[in-house]
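Report on the following structure.
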Amino acid sequence: MAVDSGLKDDLVFGDPNAPRFQGREESVEEFVRRNLGAEVFERLIEPFCSGVYAGDPSKLSMKAAFGKVWRLEEAGGSIIGGTIKTIQERGKNPKPPRDPRLPKPKGQTVASFRKGLAMLPNAITSSLGSKVKLSWKLTSITKLDGKGYVLVYETPEGVVSVQAKSVVMTIPSYVPSDILRPLSSDAADALSRFYYPPVAAVTISYPKEAIRKECLIDGELQGFGQLRPRSQGVETLGTIYTSSLFPNRAPAGRVLLLNYIGGATNTGIVSKSESELVEAVDRDLRKMLINPRAVDPLVLGVRVWPQAIPQFLVGHLDLLEAAKSALGRGGYDGLFLGGNYVAGVALGRCVEGAYESASQISDFLTKYAYK
């Protein structure tokens, strides 16, 4: 993804003698300014945080939000030192071979499905068959005197009770906060404190001739998209060049753009109409990608999530541990928390987190079977 950075040739990185923050958790902004300098933060990292988390880097936790980079400094005394040490360790302990069943991307690592990401959950549903229950709303969880739980659901067929040895809750944290309150008020309080700002996705299309010539390569709009620093005076967090990334997303002669607007620094989007959101995105695009006199875009979809992406703020990991510890103290073995506020917001991390949860559940059920 391209970032309109405006970086200068005389870019100065962070002060190598700047003291590390001792005794408290650093924000992303504090960490980056200390290690890489103000300009790298303002032109690169700030828009990156907006694009990934729709967040405020002055409040996001470096340790929680970008743990891999944070651990480099912990391991090697600096980002560069940690990188060198990590490379050396990888040479001594190579990764296991790639699963031969996985597809091999050609020339890029960005991928989707022919009919969009919905194909993934639809395929899982097809594989699981009748085990997947739609329109079932969980209303309460009760722990049995022995082992296991009773879950009560509101369903299209009426109220249904299900007995289970273990429960995995991968829904947004504010939902289990309400459901778990009768079991553990401490866990519920911790889960209720995670913050989810609003984000809107605006999908629009322009004729190809609407793209500024300087933005074309060999006559085509190429690349992943754009992330935009707040200093450029735009509302849109970022734009994905959908029709450039994936085939058959737009007819010949048109481009399809997926835009995100809102986030932690622009929560007012929830009070805007769909047309106002489209106008804001179109206005921003005409500043850097679309010719100012181009025709109005074709609007294909506007979706607003009032509570969109969990923010990994300073203190996030402590809150998560507090929720898990409270459940443990209450004797609620076999009740697991998961989802993107636990594993990470990226799709890949959610998948990895699912495998991690599956391993924990398997270990629990194995012990359960022998008690």
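FYI, side chains are in, hydrogens and waters are out, and symmetry mates aren't considered; it's all heavy atoms of this structure.
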Could you tell me whether the side chain of E154 reaches within less than 4.5 Å of the side chain of W136, counting heavy atoms only?
no
Which of these, T203, V202, N259, I261, sits in a side chain to side chain contact (heavy atoms under 4.5 Å, CB included) with V302?
V202
Under the side chain to side chain contact (heavy atoms under 4.5 Å, CB included) rule, what do L289 and I211 come out as? Steps first, then yes or no, please.
CA-CA 6 Å; L289 180 66; I211 306 296; 4.2 Å; yes
Check whether T86 reaches the backbone of G82 with its side chain - one donor and one acceptor, N or O, closer than 3.5 Å.
yes
Is there a donor-acceptor pair under 3.5 Å between the side chain of R293 and the backbone N or O of A210?
no
Value for OG1 (T155) from CG (L134), rounded to nearest 0.5 Å, stands at 11.5 Å
Answer whether the closest heavy-atom distance between the side chains of L221 and K208 falls below 4.5 Å.
no
Return yes if some donor-acceptor pair links the side-chain N/O of S243 with the main-chain N/O of V255 below 3.5 Å, else return no.
no
More than 12 heavy atoms from other groups under 6.0 Å of CG on D99:
yes
Closest approach of R33 and E42, non-hydrogen atoms and distance?
NH2-OE2, 3.3 Å
If you count the non-hydrogen atoms of other residues, nucleotides and ligands that lie under 6.0 Å from OH in Y260, is the total more than 12?
no
Is any NZ, NE, NH1 or NH2 atom of the basic residue among K367 and D363 found under 4.0 Å from an Asp or Glu carboxylate oxygen of the other?
no
Walk me through whether R228 and E46 qualify under salt bridge (Lys or Arg N to Asp or Glu O under 4.0 Å).
CA-CA 9 Å; R228 304 187 180 100; E46 186 273 333; over 6 Å; no
List the steps and the verdict of side-chain hydrogen bond (donor to acceptor under 3.5 Å, both in side chains) for R181 and S192.
CA-CA 10 Å; R181 188 162 296 280; S192 69; 4.6 Å; no
Mark yes or no for whether S177, through its side chain, and S173, through its backbone, hold a donor-acceptor pair below 3.5 Å.
no
How many angstroms lie between NZ in K85 and CD1 in I80, if you round to the nearest 0.5 Å?
16.0 Å
Walk me through it: do N248 and R114 pass the test side chain to side chain contact (heavy atoms under 4.5 Å, CB included)?
CA-CA 8 Å; N248 305 317; R114 287 188 177 90; over 6 Å; no
Assess the residue pair Y174 and Y196 against the criterion (ring pair (Phe, Tyr, Trp, His ring centres under 6.0 Å)); give the C-alpha distance rounded to whole Å, side-chain angles, the decisive distance to 0.1 Å, and a yes or no.
CA-CA 9 Å; Y174 49 83; Y196 292 70; 5.1 Å; yes
Least distance between heavy atoms, L300 atom then S205 atom
CD1-CB, 4.3 Å
CD-CG distance between Q163 and L151, expressed to the nearest 0.5 angstrom
10.0 Å
When hydrophobic residues are tied together by side-chain contacts of less than 4.5 Å, even through go-betweens, does Y355 share a cluster with L347?
yes
Please report the interatomic distance CG(N266) to CZ(R230), rounded to the nearest 0.5 Å.
8.0 Å
Kindly indicate whether the side chain of L183, heavy atoms from C-beta on, has any atom under 4.5 Å from the side chain of L335.
yes
For K133, is the NZ atom crowded, meaning more than 12 foreign heavy atoms sit under 6.0 Å from it?
yes
Carboxylate-amine/guanidinium proximity below 4.0 Å for E29 and R34
no
Verdict with supporting geometry, E74 and K63, salt bridge (Lys or Arg N to Asp or Glu O under 4.0 Å):
CA-CA 10 Å; E74 291 296 302; K63 182 179 180 180; over 6 Å; no
Provide the closest heavy-atom pair for S27 versus S58 in the form atom of the first, atom of the second, distance.
CB-O, 3.4 Å
Do V342 and I361 sit in the same hydrophobic cluster, where Ile, Leu, Val, Met, Phe, Trp and Tyr count as joined when their side-chain heavy atoms come under 4.5 Å apart?
no
Can R283 and E235 be counted as an ion pair, charged N to O under 4.0 angstrom?
yes
When rounded to the nearest 0.5 angstrom, what distance separates OG1 in T83 from NZ in K68?
12.5 Å
Would R286 and D282 satisfy salt bridge (Lys or Arg N to Asp or Glu O under 4.0 Å), going step by step from the backbone distance to the final call?
CA-CA 6 Å; R286 290 173 190 270; D282 179 60; 2.8 Å; yes
Lys/Arg-Asp/Glu bridge criterion (N-O < 4.0 Å) met for E279, K272:
no
Please confirm whether the backbone N or O of A65 pairs with a side-chain atom of H316, one donor and one acceptor, at under 3.5 Å?
no
When you compare the side chain of L120 with that of N122, does any pair of heavy atoms fall below 4.5 Å?
no
Do the side-chain N and O atoms of E25 and S61 include a donor-acceptor pair separated by under 3.5 angstrom?
yes
Taking the side chain as every heavy atom from C-beta outward, state whether V159 and Y153 have any pair of such atoms under 4.5 Å apart.
no
Kindly say whether L180 contributes a backbone atom to a donor-acceptor pair with the side chain of S184 at under 3.5 angstrom?
no
Hey, can you tell me if F336 and F364 have their rings parallel, tilted or perpendicular (30° and 60° cut-offs)?
perpendicular
With a 4.5 Å cut-off on side-chain heavy atoms, are S112 and R249 touching?
yes
Atom OG in S273, atom CD in E276: separation rounded to 0.5 Å?
3.5 Å
Applying a strict under-4.5 Å side-chain criterion to I, L, V, M, F, W and Y, I'd like to know whether Y195 and W305 cluster together.
no
Do side-chain atoms of S357 reach the backbone of G353 as a donor and acceptor pair under 3.5 angstrom?
yes
Heavy atoms of L277 and I269 approach each other most closely as CD2-CB, 4.0 Å
Would you tell me whether Y206 and N291 have side-chain atoms, one donor and one acceptor, within less than 3.5 Å of each other?
no
Over all atoms of both residues, closest heavy-atom pair of V304 and A200
CG2-CB, 3.8 Å
When every non-hydrogen atom of V345 is compared with those of C350, the smallest separation belongs to O-SG, 4.3 Å
Do F31 and L36 have side chains that approach each other closer than 4.5 Å (heavy atoms only, starting at C-beta)?
no
Salt bridge present between E356 and R349 (N-O < 4.0 angstrom)
yes
Give the intermediate values and the outcome of side chain to side chain contact (heavy atoms under 4.5 Å, CB included) for residues I240 and L257.
CA-CA 6 Å; I240 296 175; L257 305 176; over 6 Å; no
Using atom types as modelled and distance alone, determine if a side-chain donor or acceptor of D284 lies under 3.5 Å from a backbone N or O of T236.
yes
So, Y53 versus F312, ring centres under 6.0 angstrom or not?
yes
Is the backbone of I309 close enough, under 3.5 Å, to the side chain of Q311 for a donor and an acceptor to pair up by distance?
yes
Considering only heavy atoms from C-beta outward, does the side chain of V314 approach that of R24 to under 4.5 Å?
no
Can Y241 and Q226 be counted as having a side-chain donor-acceptor contact under 3.5 angstrom?
yes
Hey, mind stepping through R254 and E209 against salt bridge (Lys or Arg N to Asp or Glu O under 4.0 Å) and telling me if it holds?
CA-CA 8 Å; R254 296 198 70 91; E209 58 265 24; over 6 Å; no
Check for me, please, whether L60 and Y341 land in the same ILVMFWY cluster - side-chain distances under 4.5 Å, paths through other members count.
no
